Amino acid sequence: MTLVIGLTGGIASGKSTVSNFFKELNITVIDADIEARQAVMKGESAYFKIIAEFGEEVLLADGEIDRQKLGSIIFHHEEKRQLLNNIVHPEVRKRMSAQVEKAKQNGEEVVVLDIPLLFESKLTYMVDKTLLVFVDNETQLKRLIARNNLSVEDAEARIHSQMPLSEKIRLADALINNNGSIADAKEQLLEILAQFDINKKTIK
């Protein structure tokens with residue numbers, strides 16, 4: 001029996017750090033962002049749908065999607081963001097499901113689906129347990145501005161495009177408070193895995 005954990009968190013909450021912890025523990029992580037990038041690469045079906053809806057002005061000189069330009073459009077327009085999601089998400093789900101099946105066939109005890117919009121996109125049906133990485137609002141804003149070199153306005157727009165962390169906390173099966181040190185976050189993860197009855201042999 002393979003336990004599928006859905007890992008999520010608000011933007012700039014440190015979810016990637018926790019994702020790396022899983023990898024250090026030899027646990028397979030299937031990253032929705034990576035799958036989304038691959039799903040919109042030149043020649044894929046989602047690629048052509050995006051051009052049809054958003055026009056060729058969202059392309060780079062080499063013909064690939066300009067993700068930064070597309071992102072600046074959708075973060076400020078709910079309708080366009082939903083349109084893009086309707087194109088990309090089905091392809092991402094298909095790709096992730098195929099990899100979960102492969103992990104199950106390989107007899108892996110745990111597999112992690114790293115999905116930033118796990119709750120917003122109503123993808124909890126794909127997982128057995130949900131794990132949320134969170135920070136307080138002030139820390140989230142500071143980290144996002146520093147990480148992406150954004151203005152306060154742009155950073156807040158990106159944060160507000162997601163479900164409030166307070167609501168995600170209510171929905172999640174387990175929580176990692178990432179306001180502290182990296183070591184503290186890792187300790188919380190190990191405690192959660194123990195609660196999930198993960199075989200110690202899985203962990204290095």
Side-chain angles (χ1 to χ4, degrees), residues 1-47 49 67 85-135 162-163 165 167-178 180-204:
M1 185 73 179
T2 302
L3 178 71
V4 182
I5 298 175
L7 172 65
T8 194
I11 191 169
S13 62
K15 177 180 59 60
S16 295
T17 300
V18 175
S19 179
N20 287 333
F21 291 159
F22 277 111
K23 293 171 189 172
E24 289 171 12
L25 298 172
N26 277 345
I27 294 172
T28 296
V29 176
I30 303 167
D31 189 324
D33 281 344
I34 290 174
E35 296 307 317
R37 280 196 289 274
Q38 293 178 346
V40 301
M41 288 180 76
K42 201 172 180 178
E44 298 287 339
S45 61
Y47 170 87
K49 291 176 184 174
R67 291 170 57 81
N85 287 345
N86 290 341
I87 294 170
V88 177
H89 286 181
E91 295 298 322
V92 174
R93 287 195 294 271
K94 193 187 305 178
R95 297 172 72 96
M96 296 185 86
S97 294
Q99 290 187 58
V100 169
E101 282 309 307
K102 184 179 176 183
K104 288 180 177 179
Q105 288 169 13
N106 290 340
E108 295 182 37
E109 190 180 7
V110 190
V111 62
V112 174
L113 299 188
D114 182 337
I115 307 177
L117 302 179
L118 179 67
F119 296 119
E120 290 92 334
S121 300
K122 297 179 172 57
L123 297 179
T124 52
Y125 72 90
M126 295 182 69
V127 305
D128 303 310
K129 295 285 186 181
T130 56
L131 171 58
L132 174 73
V133 185
F134 74 96
V135 292
Q162 297 185 349
M163 182 186 293
L165 274 174
E167 197 169 335
K168 291 185 180 185
I169 287 170
R170 187 174 55 81
L171 294 171
D173 293 317
L175 304 169
I176 290 181
N177 181 331
N178 199 30
S181 68
I182 289 176
D184 182 42
K186 190 167 190 175
E187 186 61 35
Q188 291 178 66
L189 175 60
L190 293 175
E191 288 173 5
I192 289 165
L193 290 175
Q195 290 168 15
F196 287 170
D197 287 329
I198 300 305
N199 192 320
K200 291 292 185 292
K201 286 186 292 185
T202 305
I203 301 173
K204 279 183 180 177

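Bear in mind that the values here come from a model prediction, so they are computed numbers and not experimental data.
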Apply side-chain contact (heavy atoms from CB on, under 4.5 Å) to Leu25 and Leu190, showing your working.
CA-CA 10 Å; Leu25 298 172; Leu190 293 175; 4.2 Å; yes
Would you mind reporting whether Ile115 and Met96 have side-chain heavy atoms less than 4.5 Å apart?
yes
Kindly give the heavy-atom pair with the smallest separation between [X] and [Y], and that separation in Å.
X      : Y      : result
Gly6   : Leu118 : O-CD2, 3.9 Å
Ile27  : Leu193 : CD1-CD1, 4.4 Å
Gln162 : Gly9   : OE1-O, 4.3 Å
Met41  : Arg37  : CG-O, 3.2 Å
Tyr125 : Arg93  : OH-CD, 3.1 Å
Pro116 : Ala32  : CD-CB, 4.2 Å

More than 12 foreign heavy atoms under 6.0 Å from CG of Leu171: is that the case here?
yes
Is the backbone N or O of [Y] less than 3.5 Å from a side-chain atom of [X], with the two atoms forming a donor-acceptor pair by type?
X      : Y      : value
Thr28  : Val111 : no
Asn178 : Ser13  : yes
Gln188 : Asn177 : yes
Asp31  : Asp33  : yes
Gln99  : Ile30  : no
Thr8   : Leu132 : no

Just how far is it from atom [atom1] of [X] to atom [atom2] of [Y], taken to the nearest 0.5 Å?
X      : Y      : atom1 : atom2 : answer
Asp197 : Gln195 : CG    : CD    : 9.5 Å
Ile11  : Leu117 : CD1   : CG    : 9.0 Å
Leu189 : Asp184 : CG    : CG    : 11.5 Å
Leu175 : Leu131 : CG    : CG    : 8.0 Å
Lys102 : Ser97  : NZ    : OG    : 14.5 Å
Asp128 : Phe196 : CG    : CZ    : 9.5 Å

Quick one: salt bridge (Lys or Arg N to Asp or Glu O under 4.0 Å) pairs with a partner in residues 1-22, sequence neighbours left out?
Lys15-Asp114
Could you tell me whether Glu120 and Lys168 make a salt bridge, using a distance below 4.0 angstrom between a side-chain N and a carboxylate O?
yes
Stepwise side-chain contact (heavy atoms from CB on, under 4.5 Å) test for Leu7 and Ser19:
CA-CA 8 Å; Leu7 172 65; Ser19 179; 3.9 Å; yes
Does the pair Val4 and Met126 meet the rule for a side-chain contact (heavy atoms from CB on, under 4.5 Å), with working shown?
CA-CA 8 Å; Val4 182; Met126 295 182 69; over 6 Å; no
Verify side-chain contact (heavy atoms from CB on, under 4.5 Å) between Arg95 and Gln38, making sure each step is shown before the conclusion.
CA-CA 10 Å; Arg95 297 172 72 96; Gln38 293 178 346; 2.9 Å; yes
